[in-house]
Structure formats: structure tokens, C-alpha cells
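Below is one structure, written out as C-alpha cells; the observations come after it.
Small disclaimer: the values here were computed from a predicted structure and weren't measured. Start at 1 and go down the list; that is how both ligands and their atoms are numbered.
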Amino acid sequence: MTTYKEFHARSLKDRDAFWTEEAKRIDWHKPFAKVLDYSRPPFAKWFVGGETNLCHNAVDRHLAPRGEQKALVWISTEVDQEQSFTYRQLHAEVNRVAAMMQALGVGRGDRVIIYMPNMPEAVFAILACARIGAIHSVVFGGFAAASLAARIDDAKPSLMVTADGGSRMGKVVPYKPLVDESIRLSKFPPAKVLILKRGLDPSMPSVPERDVDWATLAKQHEGAKVPCAWLESSEPSYILYTSGTTGKPKGVQRDVGGHAVAMAASMQHIYCGGPGESIFTTSDIGWAVGHSYIIYGPLIAGMTTIIYEGVPVRPDAGVWWKIVQDHKVAVMFSAPTAIRVLKKHDIAWLKKYDLSTLKHLFLAGEPLDEPTHAWISQGLGKPVIDHYWQTETGWPVLTSAPGVEKTPIKFGSPSFPAYGYDLKLLRESDATVAGPDEKAVVVVEPPLPPGCMSTLWGDDERFVKTYFSMFPGKLLYATFDWGIRDKDGYYFILGRTDDVINVAGHRLGTREIEEAVNMHPGIAECAVVGVADQLKGQMPMAFAVLKDPAQVATPEGRMKMEGEVMQTVNQQLGAIGRPGRVFFVTLLPKTRSGKVLRRSIAALAEGRDPGDLTTIEDPGALQQIKDCLGVK
Ligand code: ATP
Ligand code: MG
């Protein structure tokens, strides 16, 4: 039995041997000649000279051992449909879509934008790209036309794949008008647009010559066979834009071989998901979590992956747990924001279904506050593993790795650095190593491990400038997150470096104050921002969502609750972190991936322009903030 500590140490000390071993988890058409080429730092090339294919590893190689096993289950509570595909059926569908793409002129290295809701055809399209060596760029369905146009112009695609529409909370969200508008706005529009008609938007207009009907083309390619293109390990597999919480999204580029190995290794060591088991990742395919843990990771591991179109509380707050029961889910992956939504509902929903197959629930995307972590762990009676990662890394940076060792979980902590990451907490001022319990910047000593971004699409210079230039003269990957390590070696993420609040010379992470606010039992979730203050430099200001909004229906109720929350912060953190004001809202402004837009809130509070809001989920949330602050 190795301990996790030994495992992690070996991944850094014996890097080549470690990753050579992990690389055996996937099929190679041609073996690699060298594990790592790091001759041009910070650019890391993994498994140099090796040839492989992601679609082969995710689909074809499972045909013999488990062709009749379910590969993909689609559940939509939006349109009330369910569909499953065995590995053999998935193989046939992917081959057909690959042939359709080739017929539309798509070849190796060409870019394909996929702008679709969570549905099986989106997965087919993604895997079809991988099969023929085309580079997919999935854009979260529902992004506004301007955001889509910006991504089109960055990728210069030859094809765009879309659907007539999506659905959210039972309401149709038409995609086609956005697609048409984005193409009108873009400088490098795709020659062809492949459209899946779900029957959600019967009035959808069509552009002759450019628009191609999915069903018609699919009929022509029934039974098609398209061989996998063998790609050199470092060739690009896909582009994916970051969520855009802090500004202009960055086009993260991933490789082929490193990505495949990283996925396979993480399924084993972190998620503990194996052939024949089911995994339910509640994310959208448009995010990194969806790419890695709805599609590539689970399928490479031979699992049954569940793709879900819908929200966690429709038809009721038990819908996800019913899925776990009905599909014998072993591994589940969701986000803190979803759990905080569930927290507003009766805890009895967590107990209603048989969850005996579930091994653990993983959460990522935002800090997981201690009360929410405790609530969901106790409610489910299962280990709930907070883990921390970024679109850039594609898989966890901080995590517990129960596949190696079941280390105890501390609420509020994403545990330890993942194998392969030489993680450091460095003082922002001089890049020296911070001590235990000292707040500092989370950085990775390069090379970044396999599976992490290889560069920013078309912009090597921006890659180096954005990520490796925080400390002059030192080549270190900056996460731009602020963290702390306790005496037992557990890490805590305290927020983004640009969200740090400076109160009378004390530097506080937004997370620390939010954590204290959340300790009040009436609070469902909150956002804390720093606002310029003449006396103290900055003053924390809190915006909180209550489990029961009726409590603040009257001015007296509001005052009482504000006082109570301040008192809670006093007790938890001390007066230094006490917010100057606590406002109550019913909704926080978040990105479409569920992250709080603290920067925009702070800007409004300081009377500044809230900045680029194209990624906002619901503009109504910002209006509530404005109303609280009395700004127009
Ligand atoms: P952009 O970089 O464009 O502003 P983004 O950072 O929101 O967008 P993502 O890559 O989706 O885009 O998010 C990664 C970030 O999410 C991390 O850097 C961190 O701030 C936050 N995060 C993710 N997981 C956790 C976690 N478990 N605990 C705390 N924070 C987390
Ligand atoms: Mg980021």
C-alpha cells in the first residue's frame, strides 16, 4: 500500500517512470519515444512521437470487451425524454457523424464549433471531431450572439454544429436566431452550419447553401465507417474558452496524448470509476467539467456516462437522487452552486431514494463553504469531495485521491495537491514560500502535467504573458487564486487574487468572510466584495440569499437579520471582517457556469462600470444589486 504522500512525491521525483506507467492505461497506435519534451519552457510536450486517437480510446477499444454495455444515457427533464446508447450504438453514431462532417469538407486540423444543448448528438459531434482529427470548440449553448461571434472569429471554423434550440425550466431557448446573428457579426464565418431540428422552434428560418439539415444528411451516411486519424500526441484536440468570470475568456488549447492519459489516470486515482459503472456529471458539455467528466474521462474508462438536460429542482428537488437510484450511479460530480440551490429545499429529498451504489460526490467550480459541505455530506451519508481545478488544467489540481488512499475529508478544503502538480503557495510580494496558515498565491512549478493546456489557441505569447509572468524573472504558472495550507497539509482556496479585500492593512479573501456569513443558519448563499472606503482602504460588503426570504419582508426584519449576520461574522472571524452592510437579494449575479461575478458587484458598489457581462446568467440579479445600492 502506497500512501498518497508517497504517490505524489513519486509523480514529481520519478516523473518519466510515473507517467510511462500511467500512459499504459490508453491505447497507442505508435508508442511514444520520449515522455516529456521540455526544451522550450513553459511549453510542455507530453509523450512525444506517440500516436493515438481520443475517439478510439473512448469508443472503439471498448467494442470487444463491452460493446453491448450502455455507454451513454441521456436524460432530459426539459423535454421529458430518455435515450441510451451501447458502446456499439455510440460507435455507429459517431462514425456516421464523422462521415457527415467529412462530406461537409471538414478535415484534420479544421475547427468545428459545437453550439448545442446537453444532448446525445452533441456528444457524437465532439467524438466525431476527435475521430477525424478536427479540433472542436464547444461553446456553451445560450451564450449571446456577440460572445459566440468572438469565439467564431478566434477559431475560424469551417463548420458549426447547432440545434434549433434548447430548453431551460421548460421554456424553449431558440438557438438559431443567435447563430444567424453571430455569423452576421463575425469576420470568419463557417461555410456550413449543420442543424439538428428537435422540433423546438418550428418557425426556424434556413439559409440556403449554408444551412444543412442533420436528419437529411444523416440518412445519406447510414452505416458509414470512418477510420480514426492517428494523431501525434501534441497535436491539438480541442479549444475551450474559460468561463469569463474575470474578463475576456481565454481559448485554452488541449493536446491529444497527454489529455487521454490524464483522463484515464484521474478516473482511476481520483474518481474511482471503472468499466461497467455509472457516472453522473451534472455539468454542461460547454464547460471543462463536461468535456472531461461527462465525455472523455468516463468513456475512456469504459463507464456508462449520464448526460442531463435540466435543472436540479425540476420536476422536484429529488430528481438527481432518483437518477442515482435508477441508474445505479457510482460516481457523481456537481458544483457547489447546485448544492446551494438544493439547500433551499427540504433535506428529506436527499433521503428519499436508494443511494447505496453511490461511492462519492465530487464538487468543483467555486469555493465550497463549510456549512454547505457539512449539509450535503450528512444529508447523503457519503463522502463529498471538494476539489479544485481550472479550465486550463482540465483535471483536478487539489483533490483527495481515494483511488490511491482514502484520506480524511476536512469540510471546506479541497485536500491536497494532485499527483503531477508541483504546487506552491508563494508570497505575492517576493515569490518566497509561505508558511503554514499564511495566505499566498497558488502557483504550479512548471512543467504542467499531462492534460493541462498546451497553449492559448493561436497565441503562444499571450499564454506565457497571462500565466507565467506574475513573478518577474521566475517562470511559474499562476492560478490567480489565493490559498492557505493548514498545519496538516490541507489546502483552502480563499478566492481569486484580484478579489482580495484589504481592510485597514489586513488582507482577507472574499471566501473567508463569505464562509463566516454562511455560518448563519438562515443563509443559503452569499457574495462578499471589497468596496473602497476612505478610512479603512476597503470595506467588505455582503449580498446574501436567505433560505426563507419572508424573514426580510419588512424593514424591521431586514434590520434584525443584518444585525444577526454581522454578529455571526464577529464571532466567526472577528470584527475586522465584519461587512459594512449586509444586503438581502433573492439571486446573485453569476456566470452561466455558476460562478459569482464579484468583480462586477464591486464595480457597481464603487459607482464604476460593471464591465463585460456577456457571461452573466440572469441580468435580473444585477438589477437587484443595483436596487440595493440605489444605483441606476
Ligand atoms: P476566467 O478565467 O475566464 O475568469 P474562470 O476562472 O471562472 O474564468 P474556470 O476555469 O471555469 O473559469 O474556473 C476556474 C476557477 O474556479 C478557479 O481558478 C477558482 O477560482 C474557481 N474554483 C474551481 N474549483 C474550486 C474549488 N473547489 N474551490 C474554490 N475555487 C474553485
Ligand atoms: Mg480563470
Exercise for review: State, with a plain yes or no, whether a side-chain heavy atom of Val112 is found less than 4.5 Å away from one of Met160.
Suggested key: no
Check your understanding: With a 4.0 Å cut-off, would you call Lys410 and Glu370 a salt bridge?
Key -> no
Exercise for review: Kindly say whether the aromatic ring centers of His291 and Tyr296 come within a distance under 6.0 Å.
Suggested key: no
Practice item. Could I get the full list of side chain to side chain contact (heavy atoms under 4.5 Å, CB included) partners for Ala145, not counting sequence neighbours? Key: Leu178, Glu181, Ser182, Leu185
Check your understanding: Taking only residues two or more places apart in sequence or in another chain, which ones pass ring-ring contact (aromatic ring centres under 6.0 Å, His included) with His269?
Key -> Phe7, Tyr419
**Study point:** Close-range residues for ligand 1, whose non-hydrogen atoms fall below the 4.0 Å threshold
**Key:** Thr242, Ser243, Gly244, Thr245, Thr246, Lys250, Gly365, Glu366, Pro367, Asp386, His387, Tyr388, Trp389, Gln390, Thr391, Glu392, Asp481, Ile493, Arg496, Lys595
Point to revise | Non-neighbouring partners of Tyr241 that pass ring-ring contact (aromatic ring centres under 6.0 Å, His included), sequence neighbours left out | key: none
